[in-house]
Amino acid sequence: GFCKILEITTLPESWMWLETAKTNNVNVGRTELVKLCTTNPHYLTYFMERAMKMINITENMARVHHSFLVTLVFLVLEQFAEVPPDVIPKIYSCMITAISSSNKDLKSAGYIITGQVMRKITLRDHIVRELISTVAAHPSPSLVKELILCVSCILHFHPLSDLPVGLIELMLQDQYVLALGLIYERNDIGGFIRELLLTGVELCFKSGIMFSEKFSQMFQFSSLPEGIKSSAVDRYFELYFSASQEIRNSDSVNQLGDLLSTTFSSQVQDTFQKFHSQGSDMAVLGQLKSLILGKYLGNESSQKILEINHDLPGIRMLGLLKISEKLDSGKELTSEEEENITGTIISRITDQDDSVSIKSLEMVKKFLNNPAVVDSVNCAVLEKIQSMAVGRKLKPGNCGISHSNADRVPGVAADPKYANSGGSELRSCV
């Protein structure tokens with residue numbers, strides 16, 4: 001291999017090591033050539049350029065030169081802890097030339113060499129982005145897998161916070177999505193998939209890119225790590241909160257929200273609760289709930305009940321807020337609504353989430369002070385409040401109930417238990 005290539009390659013007569021080899025009648029083989037290129041890396045770039053040229057012009061010997069090029073680069077790089085800085089520009093130029101070529105063999109060699117070189121050099125982010133953009137701009141239908149592995153290798157050693165749009169657009173093509181699924185099951189390209197998903201989420205908000213049916217399959221890879229799923233959902237929530245109302249209402253954002261709620265349901269609910277516990281804007285959180293958690297709450301007629309009893313404290317809180325808004329409106333309530341509101345608020349006083357429990361206690365105050373519904377609160381309800389509050393060991397005044405309304409509750413004044421208490425029995429609950 002190496003000897004044959006050197007025999008058919010015209011080399012400068014001035015190279016002293018060639019004169020020595022000729023004088024001693026010694027063939028220059030792999031070991032000697034690797035040692036030479038390691039000692040003087042400029043020889044490496046010379047042979048890279050020479051082999052690339054021969055791949056292009058000698059069709060019958062293309063595979064031989066391909067093998068020579070890839071093997072030489074690999075063996076020489078193995079000798080370096082890091083490629084000497086002065087030869088990096090030349091090597092980088094060779095990489096760009098190879099991956100931009102229309103020649104299949106040369107492009108294949110370019111992908112392999114790029115993966116090898118990126119292990120040994122450090123590049124600035126904008127150079128890495130330029131390299132990936134070049135790879136994406138010159139794809140070959142017969143080298144789909146090779147392209148994906150090349151980009152994955154680049155990102156493994158040089159992670160980017162956002163990927164070039166050209167790469168995303170390429171990955172949206174069906175053959176690349178299908179290839180990603182096959183490769184992902186057999187190769188470690190999790191980092192690439194993560195950045196691909198995160199950048200895709202961002203482009204939904206920034207550019208309105210719609211996720212094709214094939215691309216959405218990427219979200220459904222069976223062995224996708226939990227960390228990647230959570231990262232994608234977190235990024236969606238972050239962008240949703242910072243976006244304008246117009247963007248929140250866009251088809252691309254809604255489509256992605258529906259996709260996430262379908263494929264990453266557990267992560268969506270966990271992230272929703274995290275944002276709720278952080279005190280995020282409840283109005284925006286409510287929109288998110290309707291968008292990506294609505295399917296868990298059923299139709300409108302059953303939604304209120306399911307919200308109040310939902311597993312997520314954030315959803316239960318939103319349900320209470322809706323009731324609070326109804327009470328604030330001063331609108332006259334039907335007897336059925338009064339009964340439902342009473343039961344709902346009371347049921348949440350002992351909620352395991354303190355914020356929901358405190359909110360329900362605040363609403364009890366509002367409920368008792370609302371003339372339209374005060375008569376629906378009877379002694380049994382107040383006794384339940386008392387027992388629940390005592391069970392939670394609330395300090396005096398924590399619930400904020402105005403007990404001056406107690407005498408307005410039917411049956412309280414007439415009940416011997418409260419007849420001479422002056423409200424003290426009720427006050428003991430708080």
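Only a predicted model underlies this, so the values are computations on that prediction, with no experimental measurement involved. For reference, positions follow the sequence shown, starting with 1.
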Novice: Nearest 0.5 Å, please: how far is CG in L198 from CD in E195?
Specialist: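 The distance works out to 5.5 Å.
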
Novice: Is a side-chain donor or acceptor of R248 paired with a backbone partner of A243 at a separation under 3.5 angstrom?
Specialist: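 A pair under 3.5 Å: yes.
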
Novice: Evaluate side-chain contact (heavy atoms from CB on, under 4.5 Å) for Y184 paired with F192, printing each intermediate quantity in order.
Specialist: CA-CA 10 Å; Y184 180 71; F192 179 30; over 6 Å; no

Novice: Please examine the side chains of L239 and E202, heavy atoms only from C-beta on, and report whether any two atoms are closer than 4.5 Å.
Specialist: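 A side-chain contact exists here, since the closest heavy-atom pair is under 4.5 Å.
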
Novice: Using side-chain heavy atoms (C-beta onward) and a distance below 4.5 Å, is E146 in contact with I112?
Specialist: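 Result no, sub-4.5 Å side-chain heavy-atom pair not found.
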
Novice: State whether R119 and E78 are salt-bridged, where the test is any N-O pair (Lys NZ or Arg NE/NH1/NH2 against Asp/Glu carboxylate O) under 4.0 Å.
Specialist: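 Salt bridge flag = yes for E78 with R119.
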
Novice: Quick one, L180 and I189 - any side-chain contact, counting heavy atoms below 4.5 Å?
Specialist: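 Yes, close enough: below the 4.5 Å cut-off.
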
Novice: Can you check whether N254's main-chain N or O pairs, donor with acceptor, with D258's side chain at less than 3.5 Å?
Specialist: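 Answer holds: no.
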
Novice: Are the side chains of P141 and Q175 in contact, using a 4.5 Å heavy-atom criterion?
Specialist: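 Heavy-atom side-chain distance check fails, nothing below 4.5 Å.
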
Novice: Does S152 use its side chain to pair, donor to acceptor, with the backbone of L149 at less than 3.5 Å?
Specialist: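 No, S152 side chain to L149 backbone: no donor-acceptor pair under 3.5 Å.
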
Novice: Any sub-3.5 Å donor-acceptor pair from T39's side-chain atoms to K35's backbone N or O?
Specialist: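 Yes, because the side chain of T39 sits within donor-acceptor range (under 3.5 Å) of the backbone of K35.
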
Novice: Treating D105 as the side-chain partner and I55 as the backbone partner, does any N or O pair qualify as donor plus acceptor under 3.5 Å?
Specialist: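 Checking the backbone N and O of I55 against the side chain of D105, no donor-acceptor pair under 3.5 Å is found.
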
Novice: Just wondering, more than 12 heavy atoms not from Q278 lying within 6.0 Å of its CD?
Specialist: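 Buried by this count: over 12 neighbours within 6.0 Å.
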
Novice: Is the F241 to F275 ring centre distance short of 6.0 Å?
Specialist: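 Yes.
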
Novice: So S207 and V165, do their side chains get closer than 4.5 Å, heavy atoms only?
Specialist: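 No, their side chains stay 4.5 Å or more apart.
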
Novice: To the nearest 0.5 Å, what is the distance between NE2 (H138) and OG (S102)?
Specialist: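 Nearest 0.5 Å value for the NE2-OG distance: 9.5 Å.
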
Novice: Report the C-alpha distance between T134 and S100 in whole Å, list the side-chain angles of each, state the deciding distance to 0.1 Å, and finish with yes or no for side-chain contact (heavy atoms from CB on, under 4.5 Å).
Specialist: CA-CA 7 Å; T134 302; S100 302; 3.3 Å; yes

Novice: Say you draw a straight line from OG1 of T199 to CG of L167; how long is it, rounded to the nearest 0.5 Å?
Specialist: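 Answer for the OG1-CG pair, T199 versus L167, is 8.5 Å.
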
Novice: Does Y92 form a side-chain contact (heavy atoms from CB on, under 4.5 Å) with I127? I'd like the steps, not just the answer.
Specialist: CA-CA 10 Å; Y92 180 81; I127 300 296; 3.8 Å; yes

Novice: Decide side-chain contact (heavy atoms from CB on, under 4.5 Å) for R194 and L197; before the verdict, give the C-alpha distance in whole Å, the side-chain angles of both, and the deciding distance to 0.1 Å.
Specialist: CA-CA 5 Å; R194 178 182 182 277; L197 292 181; over 6 Å; no

Novice: Scan side-chain atoms only and decide if E169 and Y176 contain a donor-acceptor pair under the 3.5 Å cut-off.
Specialist: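 Distance-only check fails for E169 and Y176.
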
Novice: Does the pair K90/E49 count as a salt bridge with the N-to-O cut at 4.0 Å?
Specialist: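 Here K90 pairs with E49 in a salt bridge, since their nearest N and O are under 4.0 Å apart.
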
Novice: For the residue pair T271 / D234, report whether a side-chain donor-acceptor contact shorter than 3.5 Å exists.
Specialist: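 On atom types as modelled, these side chains qualify, holding a pair under 3.5 Å.
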
Novice: Other residues, nucleotides and ligands only: do more than 12 of their heavy atoms fall within 6.0 Å of NZ on K120?
Specialist: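 Yes - once you tally the heavy atoms of other residues, nucleotides and ligands closer than 6.0 Å, there are more than 12.
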
Novice: Taking atom CE of M95 and atom CD of Q116, what is their separation to the nearest 0.5 Å?
Specialist: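 Those atoms lie 10.5 Å apart.
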
